[in-house]
Structure formats: structure tokens, C-alpha cells
Amino acid sequence: MRESLNDILCCPVCKGDLELEITEQEGDDVLEGTLHCGECDETYEITDGIPDLLPPEMQD
Amino acid sequence: MSERHPKPEVRCTVTEEEEGRRRREELPTLKRSYAGHDEVRDGYTLKFLDTEETLASLLTFVSRERSCCSFARYSISSSPPYDEVRLWIEGPEGTKEHFQELIEELETDDGPEAVSNERLGAAGSDDDGVSSIERRRAVREQYADVAESSASEDSDGNGGCCTDGVSSEQVEELSRMMGYSEGDLEAVEADANLGLGCGNPTALADLEEGEVVLDLGSGGGFDCFLAAEEVGPDGQVIGVDMTPEMVERARENRRENGFSNVEFRLGEIENLPVADESVDTAISNCVVNLSDDKSRVYEEVYRVLSPGGRLAISDVVVTTELPDELKDGGSSVASCIAGGFSIDEVRSTLEETGFEDVEVEPKEDSDELIREWDGERDLSDYLVSAYIRGRKPES
């Protein structure tokens, strides 16, 4: 996912803003990292450039 | 039935061993290709999908029946355009009752495909205790199979909602029926197009350069890439899909197609991971019908649209109540759309959500496409593909 597009994302559960933490990056493209919701304290993984923003009960 | 030949005539002399053989050998094929029956005066006409395999099984079936149930007359007929083969069974009074069991057997779907269909279908109803999460998981599993089978070019994969596994030639043919132009098909690498849609939402969205577009249920990414061409480098397209295998494929397709203004996220359309008022146009192709909470999907779309933002989707809607046999098992397609909205329900839901300028326009000639979805039944009797539009008020 592109770092510059983080603004358009939100927590699927409470719609709170997400804080991006980058582990691996290629230019503007975030390959690995996490998105953390400050409001409901849920954390979403970014794996291979894809943020997993499924609600927690739907995550594998 | 004449009085000189009382009831004993109608009886079956089949042995357990013969019955077992029939269950193993011809019944599975006949069940797969069974397409319904008509009652005749003292019997039935059973209809099957006309394939060589069906014909062979029918022949074996009749040759066995005429020895164990010699009271009845059998006739197999197949006539142009050979899409259906009929088995006519008639006999003395009581014949109908005797073959009732066979019909029940044919109507019970218990193959391996049916297990997943059953799960999908059952999960759709609210009163059987199956949660909506389980239903979503089931839909996701089915689409994961499509993503993977298409990736390996295996055309025998399980079907998604709108088509069974198909070859790339079939995808192109289906895509033309959906309303994609030759230019659209050439603009994007073929792998992104899985032939799972029911229309061409980018064609009805009137996208403008620089817009932010959200695709609900983006699948292989085909519509996202077409939208990306329209919104240009200053625009942005975001595809949301709940199937990891689909999102991975879409991302690979993005690499191959070289679109830098397209992004994919794993997410649910009922719980969009998209910020309020951040999207200019929401598109979707034959996905909302799969949701068991369509009102919520439209509420979510309304939330993420900017004031003045537009909804422009293609989806199947139900034109008449589905018969129970379709709701309860039949094909994967039927299981998916068993809970579909009617045109009026779509319209009223959108208006209640707050959308203006709501239009639900049945797509001309969509029956041609919909007939392709199920080899056994003509679903165009119950479904139509529609273009659905709406606008969020400016203020």
C-alpha cells in the first residue's frame, strides 16, 4: 500500500484513524508493517503490500 | 388401470445389490444433470441437461428399470438444439407414486459441490442459527477457489456467484455480454478479468480525471484497472475484497498492468476500512447481492462518499420469488442470490439510506448472460442484471 494513501483508510470496526508503522518499504510502497487504531486498540497487519483490514473475527 | 390387472403390477423387483450399483453408477450423473420434471397423466417426464454422459447413464438406467420395474414404459428423447434430454416414464395407475421416490432422490443434492452450496445456501437464512460470519467465510472460500483455479488456468474450479469456472475464451465472450468493449478487454491484461461480473460499472460511472474511485469486491482487479485509465495519474482507485487470494491476484495483476494509481485492501464491504467522505465514486460488479446485509453495504458506501459522490454499480436483482428448489440447494449461483433484493427493494433501501437520483435500470439482454450461469436452469426467469445509480446529496 502507498504510504500517502493512509489518510483514506480507517478502522473497519470503529472507523477511527489508523497509525501506520512501517517495517519494510519500497519507495512510497509499504510492504510490511502494521496499522494501529488508537480508538479501539485493534492492530491490522500489512503483509506483502496488502493491508488486512478485515474485522478481527474475519481474520484468519 | 384395468380391474383385471390390480395393483401388484406396479412393483419393483430390484435387489439390494442392483440398487447399490445404480446409486454408485448412473444416479450421480443423473442427479448432476437433473433439470426438473413435468407430471404426465400416469407418470413423469424427467428433464436432464443433454450431455453424452447423461445419455449413457439414462440408457443404463432404462435398461435396468425395464427389468426391475417392467410395469412401466420408458422413452428417452433428445431433439435439437440438444440442450435437454427427456426421460418419459408412464405406466398403470400407481406409477407416479412409485417413481416419486426417484424424483425425491434426484432432487436431493449431495455431491461434493453441493456440500459447499448447501453451506452457502443454509448460511444465508437467519433462522437456522448459522451466523453471518460463517456465511461470509463460506462466500470467501468459494471465491478463493475461483482465484486459485483461475490462477492455475484450471477451468474446472468451483463457480463464483456469477459463473462457474470458465476458460479465458469464455471469459471474453461473457465480458462482451456484460457490456465491456473490445477496447476495455484489450486495455487490461486478461488475468485480471475473471468473468465474474454482470455488467460494466465503469461504463456507467462517468468517471472524471482525478477522482477517487472505490470498487466493492474488486476480485481480480479488472474494473479497477479500467477505472484507473479513466481517472488518470492524478486519480486513485481502491479495490476492497474480503478474499485474500483475490487481493493477492489483483496485486500481481497490478504489477503486470503497471498501474500505480490502483491499490487493493483486504476488507469487507459491510465494514469498509475507508475514511468518511473520501471517495468520489463507488463502483461494484455483481457483489452486493452476495452480502447478507445489503442495507449495511449501502450505508457504508454512503458514509465513505464525499458530498455529491456517486454510486454506480452493476448487480443482479430478483424479478420474482425464487422457487424453493432453487433456494434450497440447486446451484452455487442460486445459493448466492437466494437472498437477493428486488428492484423495488434496492430503490427503497437506497432512498432510505439518503441517496438521491436513484435509478435501478434492468440491463437489456442480460438474460443472455444470466443463462450462462447455470447449466441446468434458466435463471433469467428469476433474475436480471441491473445498473444501480445514486448520488449523495451535496450537503
Side-chain angles (χ1 to χ4, degrees), chain A, chain B residues 131-141 144 211-214 218 221 233-252 254-255 259-280 293 296 299-300 303-306:
Chain A
M1 62 164 270
R2 274 156 68 187
E3 189 182 350
S4 51
L5 275 173
N6 195 31
D7 289 352
I8 214 176
L9 290 183
C10 75
C11 173
V13 179
C14 74
K15 313 300 176 194
D17 291 339
L18 296 170
E19 296 151 28
L20 173 65
E21 196 165 301
I22 302 169
T23 323
E24 196 188 331
Q25 194 169 13
E26 212 178 85
D28 188 33
D29 207 6
V30 181
L31 298 178
E32 305 285 327
T34 55
L35 291 158
H36 179 253
C37 176
E39 286 182 41
C40 70
D41 202 29
E42 196 63 53
T43 301
Y44 304 92
E45 302 285 334
I46 303 170
T47 314
D48 199 19
I50 301 167
D52 183 351
L53 289 160
L54 288 168
E57 73 269 17
M58 284 293 287
Q59 291 188 6
D60 291 319
Chain B
S131 76
S132 113
I133 292 169
E134 279 169 31
R135 179 186 153 83
R136 286 176 204 172
R137 281 184 180 275
V139 170
R140 192 166 66 161
E141 275 169 34
E211 280 193 330
V212 176
V213 177
L214 173 70
S218 43
D234 294 334
Q236 184 63 46
V237 182
I238 296 156
V240 172
D241 203 290
M242 68 168 171
T243 311
E245 291 81 355
M246 279 291 183
V247 174
E248 274 163 36
R249 276 204 71 183
R251 199 173 140 80
E252 277 166 32
R254 185 187 80 152
R255 257 183 236 128
F259 287 106
S260 59
N261 56 346
V262 182
E263 290 259 315
F264 297 99
R265 278 114 180 69
L266 205 46
E268 278 189 325
I269 59 175
E270 297 87 354
N271 295 293
L272 285 172
V274 179
D276 295 2
E277 304 191 352
S278 60
V279 171
D280 297 306
D293 197 349
R296 168 112 171 227
E299 282 164 21
E300 278 287 85
R303 177 183 66 78
V304 303
L305 282 177
S306 307

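Proteins get letters first, then strands, A, B, ... in listed order; numbering begins at 1 in each.
Side chain of Arg265(B) to backbone of Met1(A): no donor-acceptor contact under 3.5 angstrom is found. The backbone N or O of Asp48(A) lies less than 3.5 Å from a partner atom in the side chain of Arg251(B), making a donor-acceptor pair. Judged purely by atom type and a 3.5 angstrom limit, Glu263(B) uses its side chain to pair as donor or acceptor with the backbone of Arg2(A).
For Val304(B), no part lies near chain A; criterion is any non-hydrogen pair under 4.5 Å. Heavy atoms closer than 4.5 Å to chain A are found nowhere in Glu270(B), neither backbone nor side chain.
Considering every non-hydrogen atom in both Asn271(B) and Pro55(A), the closest pair reads ND2-CG, 3.6 Å. Considering all non-hydrogen atoms of both residues, Ala275(B) and Asp7(A) come closest at CB-O, 3.7 Å. The two residues Ile50(A) and Leu266(B) have their closest heavy-atom pair at CG2-N, 4.1 Å. For the pair Leu53(A) and Pro273(B), the tightest heavy-atom approach, listed with the atom from each and the gap, is CB-CB, 3.5 Å.
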Problem set entry | Verdict with reasoning, Cys10(A) to Arg303(B), per side-chain contact (heavy atoms from CB on, under 4.5 Å) | CA-CA 12 Å; Cys10(A) 75; Arg303(B) 177 183 66 78; 4.1 Å; yes

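The CE atom of Met58(A) lies 4.5 Å from the CD atom of Glu268(B); values are rounded to the nearest 0.5 Å.
Around the CD atom of Glu21(A), the shell of radius 6.0 Å holds no more than 12 heavy atoms that belong to other residues, nucleotides or ligands. Heavy-atom contacts from other residues, nucleotides or ligands closer than 6.0 Å to CG of Asp17(A) number 12 or fewer.
The residues Asp29(A) and Arg254(B) are annotated as salt-bridged, a charged nitrogen and a carboxylate oxygen being separated by less than 4.0 angstrom.
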